[in-house]
Visitor: 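Provided herewith is a single structure, encoded as structure tokens, for subsequent inquiry.
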Amino acid sequence: MRYDFNKIEKKWQDYWAKNETFKAENNSDKPKFYVLDMFPYPSGAGLHVGHPLGYIASDIYARYKRHQGFNVLHPQGYDSFGLPAEQYAIQTGQHPAITTAENIKTYRRQLDQIGFSFDWSREVRTSDPSYYKWTQWIFIQLFNSWYNKDSDKAEAITELEKIFASEGNLNVNAVCDDAIEPFTAEDWIRFDSKKQQELLLQYRLTYLAETEVNWCPALGTVLANDEIVNGVSERGGHPVIRKKMTQWSMRISAYAERLLQGLDTIDWTDSLKESQRNWIGKSVGAAVTFNIVGHNEVIDVFTTRPDTIFGVSFMTLAPEHELVAQITTPEQKAEVDAYVLATAKRSERDRMADVKTISGAFTGAYAEHPFTKEPIPVWIGDYVLAGYGTGAVMSVPCGDQRDYDFAKHFNIPIPNIFEGIDISEEAFADKEKTVIANSDFLNGMNYKKATKRAIYELEQMGQGEGKTNYRLRDAVFSRQRYWGEPFPVYYIDGMPQMIATEHLPIELPEVEKYLPTETGEPPLGNATKWAWCTETNTVVNNDKIDGKAIFPLELNTMPGWAGSSQYFNRYMDPQNDKEIFSKEAINYWQQVDLYIGGSEHATGHLLYSRFWQKFMFDLGLVPHDEYAKKLINQGMILGTSAFIYREEGTQTYLSLGLIEGKKVQPIHVKVKYVIASDELDIEGLKADAEFGEDYADAKFVLENGVYKVGRDVEKMSKSKYNVVNPDDIVSDYGADSLRLYEMFLGPLEQYKPWNTAGITGVHSFLKKLWKLYADDNGLKVNDAEPTKDNLKTLHKTIKKVQEDIENFSFNTSVSTFMIAANELTAQKCTSKAILEPLLVLISPYAPHIAEELWSQLGNNGSIATVPFPEFDASHLVESSKNYPISFNGKMRFTLELPLDMSKEDIEKTVLANEKTQEQLAGRTPKKVIVVPGKIVNIVG
RNA sequence: GCUCAAGUGGCGGAAUUGGUAGACGCGCUGGAUUCAAAAUCCAGUUUCUUCGGAAGUGUGGGUUCGAUUCCCACCUUGAGUACCA
């Protein structure tokens with residue numbers, strides 16, 4: 001019997017599919033466990049060996065939990081809306097749905113051959129109308145809700161309308177647009193419908209607003225901040241400019257505090273929580289109002305240091321601030337205008353890149369200090385951002401380095417309000433050591449006391465209040481793309497109307513071209529059948545639009561994160577056509593117990609999905625306001641690139657050891673032409689279909705008979721020729737080898753390089769394992785009584801593997817299996833009582849070989865739900881211990897002593913030993929430390 | 001700049017409440033088997049060494065009988081973020 005992995009793996013993959021081995025039931029007496037992977041975007045390139053890393057880890061955990069008696073939900077699906085399929089459609093005219101379906105097919109084939117225990121009956125695709133129906137449904141729920149700060153949750157907009165009708169908006173404490181006009185109940189009733197709708201829109205959790213967006217002309221779309229890297233688009237690297245557009249926004253800012261607090265209740269990695277905290281950016285301080293001398297307007301600022309208010313020596317407004325034009329004096333107008341113009345010309349990118357140059361202009365206007373009533377000059381400067389806080393700051397040069405630099409540059413006075421601090425060189429920003437001086441009623445106070453008192457005094461005067469500010473901005477939810485969820489929205493007289501949920505889904509229309517229209521409208525503007533008939537409740541041709549019963553539909557589509565923000569709940573009941581998921585399903589599965597995925601989603605998907613979950617919780621749809629109890633970030637698998645070295649200007653390639661002192665160009669070569677020990681397969685390279693010709697005349701200079709390549713660890717990417725395809729690994733070594741090797745590489749969370757050469761280690765382990773069970777003469781397992789050593793090996797393996805899985809330390813269990821196989825081989829173990837439970841231990845890691853041997857041993861059915869072996873400590877009890885004997889903490893030799901020997905006897909025996917005397921060389925030990933069962937340390 | 005993570009052989013890495021540093025694997029060296037190669041098996045493989053030993057976990061200090069592990073300062077690398085008032 002040979003270990004024919006290709007045959008075995010196919011056999012069991014077919015078996016699992018046919019028997020629906022991993023189908024999870026929504027009602028079960030078993031305890032539930034939900035293991036989730038971040039679902040993939042099915043790209044055209046297919047999987048490389050880095051992608052399945054997290055899937056293998058979660059699969060091991062899911063399989064382990066089944067052995068532990070849990071009903072495990074382990075689903076998989078596709079985040080299948082996205083830009084690449086659309087880009088491809090623009091280039092080729094092929095419908096993105098076709099490209100996407102093909103790519104999914106490839107993904108599915110690749111995933112299947114790795115042997116994952118997914119319940120494929122629950123697959124979802126975000127681009128499938130039966131799925132995005134519910135994305136549209138949630139959007140409507142958000143539209144129909146507002147955030148009540150008093151109850152601190154989302155509530156129905158119909159309730160808000162009732163409040164407006166009975167008492168106006170004066171007492172409404174809501175998260176809403178800034179500067180909403182106050183109105184009474186009488187006003188509300190008098191307003192026409194359009195006015196009422198406009199007002200309500202300012203309160204809804206998703207709303208239309210004129211927003212400055214990151215417009216990417218090349219892609220014809222708006223990008224989120226996290227889709228822009230270094231000022232260019234993440235995908236494609238195209239330039240991005242600022243542009244004003246009417247866009248849907250999500251009022252995520254309403255949830256800022258709850259998103260922050262919720263982090264303390266979930267077991268996610270600290271670095272991820274830290275990213276989210278930074279992103280939310282809570283700062284506690286005060287809002288302060290400064291009157292402007294000779295004007296009715298006021299300047300509102302936000303400050304985290306109200307304790308330093310007596311140190312204010314100027315104000316700074318963002319150049320874009322709306323007051324700038326009004327308050328600038330005629331004498332200063334020319335200078336201010338020039339500065340505003342110069343700033344507007346500089347792109348966001350330039351402003352960011354150039355943080356050292358100090359620039360600004362004096363407006364000629366003066367604000368009035370709320371306490372001293374002294375005039376304070378008002379400046380503008382581009383270090384103040386229009387988009388953060390109020391776009392204005394009270395500048396305290398002695399306490400803030402940027403204000404300090406600005407003051408120095410423009411010769412503005414720098415009053416010192418800190419006791420015993422020298423500020424002649426730099427500002428003093430240490431809150432802890434602050435003692436306030438020269439500040440009237442704040443003198444002698446520390447930061448905390450002074451802050452409290454300053455806020456109190458400001459409130460008394462009506463010129464300020466304590467305030468908490470968040471950096472988190474509302475999220476723009478419109479995209480000018482084709483391949484995304486259409487909005488369930490039509491417009492009457494410019495006002496958005498929701499389509500009733502019973503008419504969902506509103507399916508994507510067909511278009512001739514996937515580009516924006518000539519008039520600059522999104523791709524859906526190309527559709528000829530994209531109007532809503534309110535009589536038939538269907539999508540009809542645009543030419544029927546009459547403004548009476550038939551209206552235009554929304555032309556934008558939803559962003560990439562829409563479909564991924566609730567998919568984890570949809571998996572619980574994916575085929576439900578009546579509800580997003582049934583009460584029974586959500587009450588049974590509750591929430592995700594373990595979520596594994598990449599840390600690159602820290603402030604995108606992982607924040608937005610928490611926001612939607614909290615909203616769903618407020619609506620009473622889900623039982624938890626956090627959807628994932630525990631989250632682990634898998635690290636990235638990096639490629640090990642290979643280089644050959646061409647002597648400049650020649651066709652001569654030098655082996656790595658010969659390049660010293662020579663002028664050479666390193667050139668990437670495909671890693672598949674590198675065999676073990678970094679040796680280049682020259683014949684293979686020359687025969688390469690793509691690049692072989694380039695090397696027809698090449699001369700390779702060898703060292704010791706071989707050509708050695710240079711190696712470097714880089715991200716896996718096509719352009720670096722270091723991508724390794726799992727298909728090749730599976731066909732050469734098998735899925736079990738791939739699974740084991742990915743885990744064996746190192747800790748799950750860590751970044752680590754892939755090197756195919758190393759896979760022979762785990763592969764020969766599997767062959768060795770096989771040989772424990774069978775040889776050329778067939779099965780050799782028998783009913784022999786296990787020896788003490790056999791039992792010891794088995795039980796220490798059970799203990800270690802169980803601990804490792806529970807700690808997500810999968811790399812160390814692979815080592816443990818190797819040790820077990822090595823020991824049992826040495827012990828010539830053939831006992832079924834040992835070898836049968838060993839298969840259960842290994843089966844989460846290498847399920848195919850485990851299933852095959854399990855059935856060879858005469859068992860019926862799958863090994864998948866066989867109980868995990870029980871650890872019995874009695875097999876590990878020892879009677880003696882090989883004590884390390886150390887001198888001043890350094891181990892010098894070991895000594896076998898009985899474990900029941902007393903401390904005194906150990907000391908005597910050790911001191912009497914001749915090796916001890918040798919070590920001491922005549923010295924008398926000062927002290928002897930004996931830790932029974934652990935160590936002996938002799939000091940002296 | 002700030003925040004977080006990580007620095008251990010030629011390489012990936014192990015050492016779970018402080019107690020034998022380098023498990024396991026790759027690679028390398030030697031040997032067996034083979035006409036030869038692959039595969040397989042056996043032995044060795046941190047460094048230095050006067051072969052008795054000695055040093056050693058990024059650097060420098062500290063706590064301790066004993067530190068890869070705890071504390072302080074610093075250096076390096078990676079990730080995220082940034083004129084955030």
Visitor: Taking any strand in view, what nucleotide pairs with B:rG25 in a Watson-Crick or G-U wobble way, both distances under 3.5 Å?
Guide: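 Because both required distances fall under 3.5 Å, B:rG25 counts as paired with B:rC11.
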Visitor: Could you measure between the two C1' atoms, the one in B:rA21 and the one in B:rA54, and give it in whole Å?
Guide: 16 Å
Visitor: Taking a pair as Watson-Crick or G-U wobble with both distances under 3.5 Å, which nucleotide is matched to B:rA79?
Guide: B:rU3
Visitor: With both distances under 3.5 Å as the test, what is the Watson-Crick or G-U wobble partner of B:rA54?
Guide: B:rU47
Visitor: Using salt bridge (Lys or Arg N to Asp or Glu O under 4.0 Å) as the criterion, list what pairs up with A:Lys799, not counting sequence neighbours.
Guide: A:Glu803
Visitor: Can you tell me whether the side chain of A:Lys927 and the base of B:rG66 have a donor-acceptor pair closer than 3.5 Å?
Guide: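 No.
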Visitor: Watson-Crick or G-U wobble partner for B:rC70, using a 3.5 Å limit on both distances?
Guide: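 B:rC70 is paired, partner B:rG62.
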Visitor: For B:rG18, what is the paired nucleotide under Watson-Crick or G-U wobble rules, both distances under 3.5 Å?
Guide: none
Visitor: Provide the distance between the two P atoms, one in B:rC2 and one in B:rU69, to the nearest whole Å.
Guide: 25 Å
Visitor: Tell me the interatomic distance from A:Met743, atom CE, to B:rC24, atom C1', rounded to whole angstroms.
Guide: 16 Å
Visitor: Quiz question: going by heavy-atom distance under 3.5 Å, is there a donor-acceptor pair between the base of B:rC26 and the side chain of A:Asn755?
Guide: no
Visitor: Scan residues 279-290 of chain A for pairs that pass salt bridge (charged side-chain N to carboxylate O under 4.0 Å, His left out), counting only residues two or more places apart or in two chains.
Guide: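 As it turns out, the salt bridge (charged side-chain N to carboxylate O under 4.0 Å, His left out) pairs with a partner in residues 279-290 of chain A, which skip direct neighbours, are A:Glu257-A:Lys282.
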Visitor: Return the 5'-most residue of the pair A:Pro884, A:Ile819 with respect to RNA chain B, ranking by each residue's nearest nucleotide.
Guide: A:Pro884
Visitor: Can you tell me if A:Asn811 touches the phosphate of B:rA14, counting only side-chain N or O atoms and a distance under 4.0 Å to OP1 or OP2?
Guide: yes
Visitor: Quiz question: going by heavy-atom distance under 3.5 Å, is there a donor-acceptor pair between the base of B:rU3 and the side chain of A:Glu274?
Guide: no
Visitor: Side chain of A:Lys800, base of B:rU16: donor and acceptor closer than 3.5 Å?
Guide: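 Answer yes: a donor N or O sits under 3.5 Å from an acceptor.
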Visitor: Nearest nucleotide by nearest heavy atom, which residue falls closer to the 5' end of RNA chain B, A:Asn937 or A:Arg471?
Guide: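 So the residue in question is A:Asn937.
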Visitor: Could you tell me how far B:rA67 sits from B:rG1 if I compare only their P atoms? Round to whole Å.
Guide: 34 Å
Visitor: Just the rounded figure in Å: distance from P of B:rG13 to CD of A:Gln750.
Guide: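 Distance check: A:Gln750 CD to B:rG13 P gives 5 Å.
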Visitor: Have a look at B:rG52 and give me syn or anti from its glycosidic angle (syn if within 90° of zero).
Guide: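 Syn, angle within 90° of zero.
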Visitor: With a non-hydrogen cut-off below 4.0 angstrom, is A:Glu749 in contact with a base, only sugar-phosphate, or nothing?
Guide: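 Result for A:Glu749 = nothing.
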Visitor: Rounded to the nearest 0.5 Å, what separates atom OG1 in A:Thr303 from atom CE in A:Met394?
Guide: 4.0 Å
Visitor: Using both distances under 3.5 Å as the test, list the Watson-Crick or G-U wobble partner of B:rA39, or none.
Guide: none
Visitor: Is the ring centre of A:Phe310 less than 6.0 Å from the ring centre of A:His369?
Guide: yes
Visitor: Using O4'-C1'-N9-C4 for purines and O4'-C1'-N1-C2 for pyrimidines, with syn meaning within 90° of 0, is B:rG9 syn or anti?
Guide: syn
